[in-house]
Peer 1: 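I'd like to ask you about the structure that follows.
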Amino acid sequence: MAFEIANAQFTEMMESVHKSIKSMARSQQEQARLTATAYAAGKRVAVVVNARGVVIETRFTADIADLTPKELAAAVTAAAQDAAGQVERKTREMIQELRDEQARLPRLSEIVPGLPDVEDMMPKMPEISTAPPSARSRARAEGESVDGTMEFTDVVPLDETRPDRPGSGVAESGW
C-alpha cells in the first residue's frame, strides 16, 4: 500500500515537473523576443535593445544638431541603460513567475529526507554595474582595488617554498 501511495506521488510530481519544463521553455521563447525602447534628450534620442540589453537600433530626430557631442553621448548612454533596465525588469518578472510556479512543486528534500535541494546550493548573480569603465564604483563592485589590482578573498595561498609538497599542484617533471 505504501509503495502505491509513493508511486502515485512520484507520478504526480513528474507530471508537475513536465508541466514546469514546458512553462520554462515557453518563457524562454518569450524572453528571447523581448525588446525595449527608451528615449532621452526630449525624445530626440531613441535606443532599442534586445533581450540581452544589446543595442539593436539607435534613432535621432532631425533637431539633434543642437546637442553637443558630450550631451549626445550622455543621451545615448542614458537611453541605452534605461532600455536595458526595462528588459532586465521584465526578465526578472518572468523568472519570478517561474519560481512561483516551481515553489508549488515539492522539494527534493521533502521526497527524500536529507537530500539537499539544488536550488539552495546555487550561487546568486552579482549586480552588474552600469558605471563607466573608469568609475571608482565599478572597480569596487568588481572586487578591484583603487590601484587597479584585483582583490581575491576566497583564495588559499600555495606554499611556494615547498613545490614538492603533496597536493601543491607542482610535480617533478624529470626535465
Side-chain angles (χ1 to χ4, degrees), residues 13-108 116-158 169:
M13 183 191 70
M14 289 307 295
E15 288 173 3
S16 294
V17 167
H18 285 289
K19 182 179 176 186
S20 182
I21 290 171
K22 285 180 183 178
S23 181
M24 274 190 256
R26 194 171 33 258
S27 290
Q28 286 175 337
Q29 291 297 318
E30 288 175 25
Q31 196 275 336
R33 289 189 299 269
L34 284 179
T35 63
T37 304
Y39 302 90
K43 292 196 172 187
R44 292 180 285 180
V45 173
V47 174
V48 182
V49 299
N50 68 10
R52 290 195 174 123
V54 174
V55 175
I56 57 174
E57 184 177 27
T58 304
R59 296 186 305 264
F60 304 121
T61 59
D63 61 343
I64 199 76
D66 62 328
L67 293 177
T68 66
K70 189 174 184 174
E71 291 170 328
L72 181 57
V76 170
T77 300
Q81 289 178 352
D82 183 18
Q86 291 176 40
V87 168
E88 182 182 354
R89 282 186 294 281
K90 181 59 179 169
T91 298
R92 269 188 281 162
E93 289 171 11
M94 295 171 82
I95 290 170
Q96 189 58 50
E97 289 173 15
L98 288 172
R99 285 187 176 147
D100 291 346
E101 184 177 315
Q102 289 173 345
R104 291 187 284 273
L105 294 174
R107 297 176 66 106
L108 287 176
D117 289 307
V118 176
E119 183 178 317
D120 295 339
M121 297 185 289
M122 299 301 280
K124 303 292 182 231
M125 283 292 291
E127 291 294 319
I128 298 172
S129 175
T130 57
S134 61
R136 293 172 73 86
S137 63
R138 175 175 283 283
R140 287 200 183 97
E142 294 177 354
E144 194 172 301
S145 67
V146 176
D147 67 359
T149 60
M150 296 298 289
E151 296 175 1
F152 297 97
T153 58
D154 60 348
V155 177
V156 178
L158 290 175

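FYI, side chains are in, hydrogens and waters are out, and symmetry mates aren't considered; it's all heavy atoms of this structure.
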Peer 1: Report, one line per pair, each donor and acceptor closer than 3.5 Å where one atom sits in a side chain of residues 35-47; sequence neighbours left out.
Peer 2:
| residue | atom | partner | partner atom | Å |
| --- | --- | --- | --- | --- |
| Arg44 | NE | Ala41 | O | 2.9 |
| Arg44 | NH1 | Asp66 | OD1 | 2.8 |
| Arg44 | NH1 | Asp66 | OD2 | 3.0 |

Peer 1: Which atom pairs, donor and acceptor, lie under 3.5 Å between side-chain atoms of residues 51-62 and protein residues at least two apart or in another chain?
Peer 2:
| residue | atom | partner | partner atom | Å |
| --- | --- | --- | --- | --- |
| Glu57 | OE1 | Arg59 | NH1 | 2.9 |
| Thr61 | OG1 | Asp63 | OD1 | 2.4 |

Peer 1: Check side-chain hydrogen bond (donor to acceptor under 3.5 Å, both in side chains) between Gln81 and all other residues, then give those that pass, not counting sequence neighbours.
Peer 2: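 With sequence neighbours excluded, Gln81 shows a side-chain hydrogen bond (donor to acceptor under 3.5 Å, both in side chains) to no residue whatsoever.
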
Peer 1: Identify every side-chain donor-acceptor pair in residues 67-74 under 3.5 Å, counting partners at least two apart or on other chains, and give the distances.
Peer 2:
| residue | atom | partner | partner atom | Å |
| --- | --- | --- | --- | --- |
| Thr68 | OG1 | Glu71 | N | 3.0 |
| Thr68 | OG1 | Glu71 | OE1 | 3.4 |
| Glu71 | OE1 | Thr68 | N | 2.8 |

Peer 1: Report the residues that fulfil salt bridge (charged side-chain N to carboxylate O under 4.0 Å, His left out) with Arg92, sequence neighbours left out, ordered by chain and then residue number.
Peer 2: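 Partners of Arg92 under the salt bridge (charged side-chain N to carboxylate O under 4.0 Å, His left out) test: Glu88.
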
Peer 1: Quick one: side-chain hydrogen bond (donor to acceptor under 3.5 Å, both in side chains) partners of Gln31, sequence neighbours excluded?
Peer 2: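 Gln31 satisfies side-chain hydrogen bond (donor to acceptor under 3.5 Å, both in side chains) with Thr91 once adjacent residues are dropped.
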
Peer 1: What distance do Lys90 atom NZ and Met94 atom CE have between them, rounded to the nearest 0.5 Å?
Peer 2: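 Nearest 0.5 Å value for the NZ-CE distance: 6.0 Å.
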
Peer 1: Decide side-chain contact (heavy atoms from CB on, under 4.5 Å) for Gln96 and Arg99; before the verdict, give the C-alpha distance in whole Å, the side-chain angles of both, and the deciding distance to 0.1 Å.
Peer 2: CA-CA 5 Å; Gln96 189 58 50; Arg99 285 187 176 147; 4.1 Å; yes

